Amino acid sequence: AKAGGMMTLEPDAIRLLALKPAEDRQGWIMRLQSVGDQAIAPKVSWLGQALTLAPISPHALATFRIRRGEGGVWTAIPVDLLENIGSGGT
């Protein structure tokens with residue numbers, strides 16, 4: 001597992017390519033890459049909270065917006081490269 005002060009990421013077949021504040025300052029943008037030969041559901045712990053992420057196709061990129069919702073619970077939502085929600089996470 002890869003770990004830092006803010007998050008952990010598993011398995012090793014997933015690479016963190018970018019983690020940055022969202023352009024609209026509504027959370028964080030996380031870009032991941034699958035380097036495996038099968039679809040992989042990344043396991044992410046963000047500030048101690050487990051996040052549910054959609055599986056990533058083999059050798060594909062996926063982009064997620066991480067933001068705090070109701071009651072302070074963090075969520076990860078697939079976005080496109082322009083950080084628009086609902087575009088499939090490429």
Side-chain angles (χ1 to χ4, degrees):
K2 297 165 218 68
M6 294 177 70
M7 67 179 283
T8 60
L9 174 63
E10 295 182 68
D12 288 338
I14 297 290
R15 291 189 182 148
L16 176 65
L17 299 181
L19 179 64
K20 68 179 196 81
E23 293 293 324
D24 63 6
R25 308 232 186 264
Q26 300 295 311
W28 294 83
I29 299 298
M30 175 177 62
R31 186 158 298 122
L32 304 175
Q33 178 185 29
S34 167
V35 295
D37 293 328
Q38 299 178 10
I40 300 169
K43 296 178 184 173
V44 174
S45 175
W46 178 260
L47 298 174
Q49 179 193 316
L51 298 179
T52 301
L53 275 65
I56 303 174
S57 299
H59 307 285
L61 300 176
T63 304
F64 298 90
R65 177 186 295 262
I66 301 171
R67 68 178 168 191
R68 190 176 298 186
E70 297 287 324
V73 175
W74 292 93
T75 58
I77 303 163
V79 295
D80 64 16
L81 291 174
L82 298 176
E83 303 180 11
N84 296 312
I85 295 173
S87 301
T90 57

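Small disclaimer: the values here were computed from a predicted structure and weren't measured.
Of all non-hydrogen atoms in Pro42 and Pro55, the two that sit nearest each other are CD-CA, 4.4 Å. Contact detail for Pro21 and Trp28: the closest heavy-atom pair is N-CE3, 3.6 Å. Residues Val35 and His59 approach most closely at O-CE1, 3.6 Å, considering heavy atoms. Among all heavy-atom pairs drawn from Ser34 and Pro58, the shortest one is OG-CA, 3.9 Å.
Considering only heavy atoms from C-beta on, Met30 comes within 4.5 Å of Val44 through its side chain. Using a 4.5 Å heavy-atom threshold, the side chains of Gln26 and Glu83 count as separate. Counting heavy atoms from C-beta on, the side chains of Leu51 and Ser45 never come closer than 4.5 Å.
From Ile14, atom CD1 reaches atom CD1 of Ile56 across 4.0 Å, with rounding to the nearest 0.5 Å. If you take CD1 on Ile66 and CD on Gln49, they are separated by 10.0 Å, rounding to the nearest 0.5 Å. To the nearest 0.5 Å, atoms OG1 (Thr63) and CD1 (Ile77) are separated by 13.5 Å. To the nearest 0.5 Å, atoms CG (Asn84) and CG (Leu82) are separated by 5.5 Å. Taken to the nearest 0.5 Å, the CG atom of Leu19 stands 9.5 Å off from the CD1 atom of Ile29. Separating the CG atom in Leu16 from the CG atom in Leu32 is a distance of 6.0 Å, to the nearest 0.5 Å.
Residue pairs that meet the salt bridge (charged side-chain N to carboxylate O under 4.0 Å, His left out) test with at least one member in residues 50-70, sequence neighbours left out, are Asp24-Arg65.
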